[in-house]
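Because the structure is a prediction, the values reported are computed rather than measured. Naming: A, B, ... by sequence-line order, numbering from 1 per chain. Side chains are part of it too, since the values below use all heavy atoms of this structure and drop only hydrogens, waters and symmetry mates.
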2 protein chains.
Amino acid sequence: MSSLLELRHLRTLTALRDAGNLSRAAELLNLTQSALSHQIKLLESVYGGVLFERKSTPPRFTAIGARLLELSDLLLPRVDAAELDLARLAAGTAGQLRIAVECHTCFDWLMPAMDAFRDRWPEVEMDIVSGFNPDPVGLIHQDRADFAVISEPDDIVRGVDFHPLFRFEIVAILARGHSLVDKPWLEAADFAGETLITYPVSDEMLDVVRQVLIPAGITVQRRSTELTVALLQLVASGRGIAALPLWAVKSYLDRGYVRSCPIGPGGLHGSLYGACASQLSTSPYVTDFVRLMRENCFLSLPGITLL
Amino acid sequence: MSSLLELRHLRTLTALRDAGNLSRAAELLNLTQSALSHQIKLLESVYGGVLFERKSTPPRFTAIGARLLELSDLLLPRVDAAELDLARLAAGTAGQLRIAVECHTCFDWLMPAMDAFRDRWPEVEMDIVSGFNPDPVGLIHQDRADFAVISEPDDIVRGVDFHPLFRFEIVAILARGHSLVDKPWLEAADFAGETLITYPVSDEMLDVVRQVLIPAGITVQRRSTELTVALLQLVASGRGIAALPLWAVKSYLDRGYVRSCPIGPGGLHGSLYGACASQLSTSPYVTDFVRLMRENCFLSLPGITLL
DNA sequence: GGCCGTCCATGAAAAAAGTTCATTATCAGC
DNA sequence: GCTGATAATGAACTTTTTTCATGGACGGCC
């Protein structure tokens, strides 16, 4: 009888457009692909026609789908703004967010997320805490930071909550003519005798070292540099190999500047979590920050998976 | 985790404002008062505060409630417009709607509803069929009308669907000094010896005659006039009594121009239905027309109940 | 003050959605 | 013709929404 269209459906439509396909859209919305498929099927039966062409990537929307999408674009930002206002009404707008970061590459996506956050919560004071800290969770305990981006949630820590962010693959980066380049994957032994080119951080903060080389009892020479480009230049010119997040080097790989190779049969993966004092953890601006990071990253970093 | 606000909630909020209280809002939305109460309770727990003051009529909204209402006002018209577009896409915009009307007072609310309809479906040709027809359903069968407003659905008719509209009370209208004015209700016998002032229609179309006087075997003098004001003037000046829908005379009663009295212990009630050829019955513009009539009437006619 | 009538709240039960699971279908790229 | 990725599907399951039945609060009215 009366309309059964709900915001949920519009959220699905925009997620579909933004994510590029139903499965990714489902991941973005924390639902299953099946759920979205059913949702869309329902809409299609109500409006008497398909909403988008299934085979094409990115999805091509029909007139019906496009009209609904147009509606979504009109509505969802308003809803978001209203909920932001309501969150402010409930909890006030002030606060601080001192962010500690453990990993180098994080800045690539953290900055855009912080920019988006600043737009939404202008009154929250944001800071990056010092350089790269080996124990960011410690900083939270000492109340020297409010939020930390870390790679593995330490065992359950009293008073600190962990928010899963995303998971990504770490690949070995090789010069184009490198002898290992045609292996289906690299094993620990392949690193022996190579120079490992890294960011200037301590051993235990490098996933390859911690998860691959140390378990295999292999030590390698290290050479370090600050910038990703510089690091890749060293690899490309044959000074050694690197191990970096796939998303961080994807564009160089696509252009053929360097080559990549999975590490281990299933690939080597890293995960990122946000850590935060339990009391702050439920504050609207923190949950909003976490959401922003997840969504921004999922849409902008290729090949990552939400946790 | 993610937002649970849905259009349903916004529809409830605006219905609450428009209808004036939760029970009426529920009626407007075809839900129970309880459902709405639960909905609002949920919103209040999510946003951490009440949405409106319960005791006041009309409802006074809090900052939270007002912000949500503001959102509703922004969103719901857009949703409506989109669904209208989609209905057009699905079924085309053309069509005709020849409307037959059985009762006199119907025009009071039918005209505004038709105006609203014309705005939404400019391509649908609307007409009022002739004067007051004693058998509007017959006109539909003869394909001389597409839609009829009738007081009781004839027994199930093949090929014609009935859409319940609303129910209202018919009260007796008396001059201020009339001897019957203090009775708790009028019975059939009270009409004996009175002149019944009516619109110029045949006996069987008058609910009082059909449902009260004929069953009691009472006949009365009749005098008729076209206009409601004229009719009330005759009553006020002691020429007789009338029986009219409460909503049609409410404003005169409030001003004390005439008095009213229920007819029978439980009051006399009339109901209105829309009748329509079965094939047309599901066409988007017809269902839209029915919805418009129900909603407009419920909001503008005092004391009516939706069926 | 007691009695109604109206309006809203509430908890439990019922109904209706919405979602997931497990599996199958489709199709593009090798 | 495989294989991997994407979407569809039906049934089971879960969650949400709604109703039902009832009670409390308030205001008007003899």
Side-chain angles (χ1 to χ4, degrees), chain A residues 1-13 15-46 49-62 65 169 184 262 266-267 302-305, chain B residues 1-13 15-46 49-62 65 169 182 184 262 265-267 302-305:
Chain A
M1 190 148 190
S2 68
S3 166
L4 85 161
L5 185 68
E6 287 292 352
L7 291 176
R8 169 166 23 95
H9 301 123
L10 302 182
R11 294 194 182 101
T12 294
L13 268 285
L16 171 57
R17 179 189 50 194
D18 294 347
N21 66 49
L22 272 190
S23 313
R24 275 175 53 85
E27 198 175 348
L28 190 55
L29 298 171
N30 289 312
L31 290 173
T32 60
Q33 170 267 318
S34 181
L36 302 196
S37 192
H38 283 299
Q39 271 188 23
I40 288 186
K41 187 183 167 193
L42 178 68
L43 290 181
E44 291 183 332
S45 81
V46 168
V50 299
L51 264 45
F52 72 106
E53 291 171 28
R54 308 310 154 108
K55 50 206 167 189
S56 65
T57 49
R60 287 189 60 77
F61 291 88
T62 64
E169 184 173 3
I304 76 167
T305 295
Chain B
M1 191 151 191
S2 69
S3 164
L4 87 161
L5 185 68
E6 288 292 353
L7 291 176
R8 170 165 19 97
H9 301 123
L10 302 182
R11 294 194 182 104
T12 293
L13 269 277
L16 171 57
R17 178 189 50 195
D18 295 347
N21 67 49
L22 273 190
S23 314
R24 277 175 51 86
E27 197 176 349
L28 190 55
L29 297 170
N30 289 312
L31 290 173
T32 60
Q33 169 267 319
S34 180
L36 269 46
S37 191
H38 283 299
Q39 272 188 23
I40 287 185
K41 186 183 167 195
L42 178 69
L43 289 181
E44 290 182 332
S45 82
V46 168
V50 299
L51 263 46
F52 73 106
E53 291 170 29
R54 308 309 154 109
K55 50 204 168 191
S56 65
T57 48
R60 289 189 59 76
F61 291 88
T62 64
E169 183 173 2
D182 287 325
I304 76 168
T305 296

Task: Test side chain to side chain contact (heavy atoms under 4.5 Å, CB included) applied to A/I40 and A/R54, step by step - done: CA-CA 11 Å; A/I40 288 186; A/R54 308 310 154 108; 4.1 Å; yes
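- The phosphate of C/dG18 has OP1 or OP2 within less than 4.0 Å of a side-chain N or O from A/R8.
- One atom, CG of A/L42, and another, P of C/dT19, lie 11 Å apart when rounded to the nearest Å.
- Scanning all heavy atoms of the two residues, the minimum distance from A/T62 to A/V50 falls at OG1-O, 2.7 Å.
- B/S23 comes within contact range of the sugar-phosphate backbone alone, with a heavy-atom separation under 4.0 Å but no base atom that close.
- The nearest whole Å value for the distance from the CD atom in A/E6 to the C1' atom in C/dA16 is 14 Å.
- To the nearest angstrom, P of C/dT6 lies 13 Å from CZ of B/R24.
- B/R24 and B/A19 get closest at one heavy-atom pair: NE-O, 2.7 Å.
- For A/S34 and C/dC21, a side-chain-to-base donor-acceptor distance below 3.5 Å is present, hydrogens and geometry of angles not being considered.
- As a whole-Å value, the separation of A/L36 CG from C/dC21 C1' is 15 Å.
- When all heavy atoms of A/Q33 and A/L22 are compared, the closest pair comes out as CG-CB, 4.3 Å.
- With rounding to whole Å, A/K41 atom NZ is found 14 Å from C/dG18 atom P.
- Shown here for B/F52 and B/E44, the closest heavy-atom pair between the two residues is N-OE2, 4.2 Å.
- Mapping heavy-atom proximity under 4.0 Å, the span of DNA chain D touched by chain A runs 5' to 3' from D/dT6 to D/dA11.
- In this structure, A/L31 reaches the sugar-phosphate backbone alone: every heavy-atom distance under 4.0 Å involves primed, P, OP1 or OP2 atoms, never a base.
- Residue order along DNA chain C, read from the 5' end via each residue's closest nucleotide, puts B/E44 first among A/A35 and B/E44.
- Rounded to a whole Å, the CD atom of A/Q33 is 11 Å from the C1' atom of C/dT20.
- Taking 4.5 Å as the limit, every side-chain heavy atom of B/L16 sits out of range of all side-chain heavy atoms of B/L36.
- At the heavy-atom level, B/Q39 lies under 4.0 Å from the strands shown only through sugar-phosphate atoms.
- In this structure, CG of A/L22 is placed 13 Å from P of C/dT19, rounded to the nearest angstrom.
- Look at CZ on B/R54: it is 13 Å from C1' on C/dT10, rounded to the nearest Å.
- Using a 4.5 Å heavy-atom cutoff, the side chains of B/L10 and B/L7 are in contact.
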